[in-house]
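What follows is a short report on a single structure.
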Amino acid sequence: MEEREDCIALQCRQYSASCREFSVRCQPVQLRSLSAATCSVWLAAYWLFVLTQNSMVLSAAIFITLIGLIVYLHFVKIDQESLLVIASLGIQMTSSYASGKENTTFIEMSRVKDVVINEAIYMQKVIYYLCILLRDPLDPQSVSEVVPLFQ
């Protein structure tokens, strides 16, 4: 089963009666937007260079742009997130970034208290997102942590 809405695609796979995987894939990085951002920063740096006649402005602009792109691709831009649910074992969350980096987290089923739809207010909008409530090891009736799914 696959659903599409704008740039997000949801794919659901069932491996067995007790094992399912949910994957959310976002549109890949657009070369046009990265090129536009890079060109605008470099044009502003060239304009400052013309005004100040200091070549360090150009070098700093190139350096800052490259570092910014690396940070964006390696830590910010998520291409795909998957949630593997095995009923008797636990939940595995995997995030794949645009640079190829993958981050995997596993939560044992004994630590899961509940799965809820949470809401937050962001920029005058109400956003709903899926969360896992984790049990507190000292007090099983209370929640120790709220883990958001599908960033």
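Along the sequence shown, residues are numbered consecutively beginning with 1.
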Interatomic distance, Arg13 atom CZ to Cys19 atom SG [nearest 0.5 angstrom]: 11.0 Å
- request: May I have the step-by-step check of side-chain contact (heavy atoms from CB on, under 4.5 Å) for Thr38 and Ser35, ending in yes or no?
  value: CA-CA 5 Å; Thr38 303; Ser35 299; 5.7 Å; no
Donor-acceptor under 3.5 Å (Lys113 side chain, Gln141 main chain): yes
task: Please assess Tyr97 against Glu102 for the test side chain to side chain donor-acceptor pair (under 3.5 Å), listing each intermediate value before the final yes or no.
output: CA-CA 6 Å; Tyr97 292 86; Glu102 283 195 358; over 6 Å; no
query: Does Glu108 reach the main-chain N or O of Ser110 with its side chain, forming a donor-acceptor pair under 3.5 Å?
result: no
- prompt: Would you say Ile62 and Leu69 are hydrophobically clustered, going by side-chain heavy atoms of ILVMFWY under 4.5 Å?
  reply: no
- request: Kindly indicate whether the side chain of Arg25, heavy atoms from C-beta on, has any atom under 4.5 Å from the side chain of Ile8.
  value: no
query: Between Asn54 and Met56, is there a donor-acceptor pair closer than 3.5 Å when you use the side chain of the first and the backbone of the second?
result: yes
- prompt: Under 3.5 Å, side chain of Ser144 to main-chain N/O of Arg135, donor-acceptor pair present?
  reply: yes
field: Spacing of Leu48 atom CG and Leu58 atom CG [to the nearest 0.5 Å]
entry: 9.0 Å
task: Flag yes if more than 12 heavy atoms outside Tyr129 fall under 6.0 Å of its OH atom; otherwise flag no.
output: yes
Closest non-hydrogen atom pair, Trp42 against Ala61: NE1-O, 3.6 Å
- prompt: Around Tyr122, counting heavy atoms of other residues, nucleotides and ligands shown, do more than 12 lie under 6.0 Å from its OH?
  reply: no
query: Does some side-chain heavy atom of Lys101 sit less than 4.5 Å from a side-chain heavy atom of Leu73?
result: no
- prompt: Nearest 0.5 Å, what's the CD-CG distance between Glu21 and Leu84?
  reply: 5.5 Å
- request: Check the hydrophobic clustering (I, L, V, M, F, W, Y; side-chain heavy atoms under 4.5 Å; chains of links allowed) and say if Phe75 and Phe63 are grouped together.
  value: yes
query: Passes side-chain contact (heavy atoms from CB on, under 4.5 Å), Val112 versus Ile91? Steps please.
result: CA-CA 9 Å; Val112 175; Ile91 300 170; 4.2 Å; yes
query: Does Val50 offer a backbone N or O that forms a donor-acceptor pair with the side chain of Gln53 under 3.5 Å?
result: yes
message: Which heavy atom of Met109 sits nearest to which heavy atom of Ile86, and what is that distance?
response: CE-O, 3.6 Å
task: Following the transitive rule for hydrophobic clusters with a side-chain heavy-atom cut-off under 4.5 Å over Ile, Leu, Val, Met, Phe, Trp and Tyr, establish whether Val147 and Leu83 coincide in one cluster.
output: yes
field: Any Lys77 side-chain heavy atom under 4.5 Å of Cys26 side chain
entry: yes
query: Roughly how far, to the nearest 0.5 Å, is the OG1 atom of Thr104 from the CD atom of Gln92?
result: 5.5 Å
task: Flag yes if more than 12 heavy atoms outside Leu51 fall under 6.0 Å of its CG atom; otherwise flag no.
output: yes
- request: Rounded to the nearest 0.5 Å, what's the gap from CG on Leu10 to CZ on Phe150? Could you check?
  value: 7.0 Å
CD1 (Ile117) with more than 12 external heavy atoms under 6.0 Å: no
- request: Apply the test side-chain contact (heavy atoms from CB on, under 4.5 Å) to residues Val115 and Leu133: give CA-CA distance (whole Å), side-chain angles for both, the deciding distance (0.1 Å), then the verdict.
  value: CA-CA 6 Å; Val115 178; Leu133 303 178; over 6 Å; no
message: Same cluster or not: Ile127 versus Val146, using hydrophobic residues (I, L, V, M, F, W, Y) connected whenever any side-chain heavy atoms lie under 4.5 Å apart?
response: no
message: Working to the nearest 0.5 angstrom, can you tell me the gap between Thr105 OG1 and Ile107 CD1?
response: 7.0 Å
- prompt: Which heavy atom of Phe106 sits nearest a heavy atom of Gly90, and at what distance?
  reply: CZ-CA, 3.8 Å
query: Mind checking whether Ile132 and Tyr128 sit in one hydrophobic cluster, side chains of I, L, V, M, F, W, Y counted as touching below 4.5 Å?
result: yes
- prompt: Should Val143 and Glu145 count as side-chain neighbours, where that means a heavy-atom distance under 4.5 Å?
  reply: no
task: Please report the closest heavy-atom contact between Cys12 and Phe22, naming both atoms and the distance.
output: SG-CD2, 3.5 Å
